[in-house]
Amino acid sequence: MDALRKRIGLAFQGGALIGSLSVGGNIALPLLEHTALDPSTIEVMVRIKLEQVGLSGFEKLQPVAA
């Protein structure tokens with residue numbers, strides 16, 4: 001099951017982000033936890049993922065409580 005879970009992506013909904021992490025930190029967390037990727041590679045991947053959903057430049061922002 002763990003191998004399958006690592007292959008599944010997810011979309012964040014209200015309240016699903018970890019408030020103590022930036023938007024980029026929330027995206028990077030599974031990569032840090034489940035891969036051996038270099039931190040600089042993860043940083044690039046975070047930027048790419050945000051660009052794909054039209055959120056370029058948002059990686060350093062903190063989520064806000066609704």
Side-chain angles (χ1 to χ4, degrees):
M1 244 354 227
D2 283 342
L4 177 62
R5 287 184 182 123
K6 290 177 186 177
R7 295 181 56 203
I8 297 173
L10 59 118
F12 294 112
Q13 295 181 7
L17 295 174
I18 298 171
S20 62
L21 295 176
S22 66
V23 172
N26 273 279
I27 295 169
L29 184 61
L31 297 171
L32 291 166
E33 294 288 322
H34 299 292
T35 71
L37 294 171
D38 184 78
S40 62
T41 300
I42 292 174
E43 185 178 323
V44 170
M45 292 178 73
V46 166
R47 284 196 307 257
I48 290 169
K49 297 304 179 188
L50 286 171
E51 184 177 315
Q52 288 176 327
V53 296
L55 295 173
S56 294
F58 284 72
E59 52 273 344
K60 299 214 184 299
L61 295 180
Q62 293 296 122
V64 292

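Everything numeric here is computed off the predicted structure, so don't read it as measured data. Throughout, residue positions are numbered sequentially from 1 according to the sequence presented.
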Under 3.5 Å, which donor-acceptor pairs do the side chains of residues 41-50 form with other protein atoms, sequence neighbours left out?
| from | atom 1 | to | atom 2 | distance (Å) |
| --- | --- | --- | --- | --- |
| Glu43 | OE2 | Arg47 | NH1 | 3.1 |

Looking at Gln62, I want to see if its CD is surrounded by more than 12 non-hydrogen atoms of other residues, nucleotides or ligands under 6.0 Å.
yes
For Val23 and Pro63 the tightest heavy-atom approach is N-CD, 4.5 Å
Here the gap from Ile18 atom CD1 to Asn26 atom CG, rounded to the nearest 0.5 Å, amounts to 5.0 Å
Taken in chain and number order and not counting sequence neighbours, the residues that satisfy salt bridge (charged side-chain N to carboxylate O under 4.0 Å, His left out) with Asp38 are none
Output for pair (Leu55 CG, Ile27 CD1), nearest 0.5 Å, gives 7.5 Å
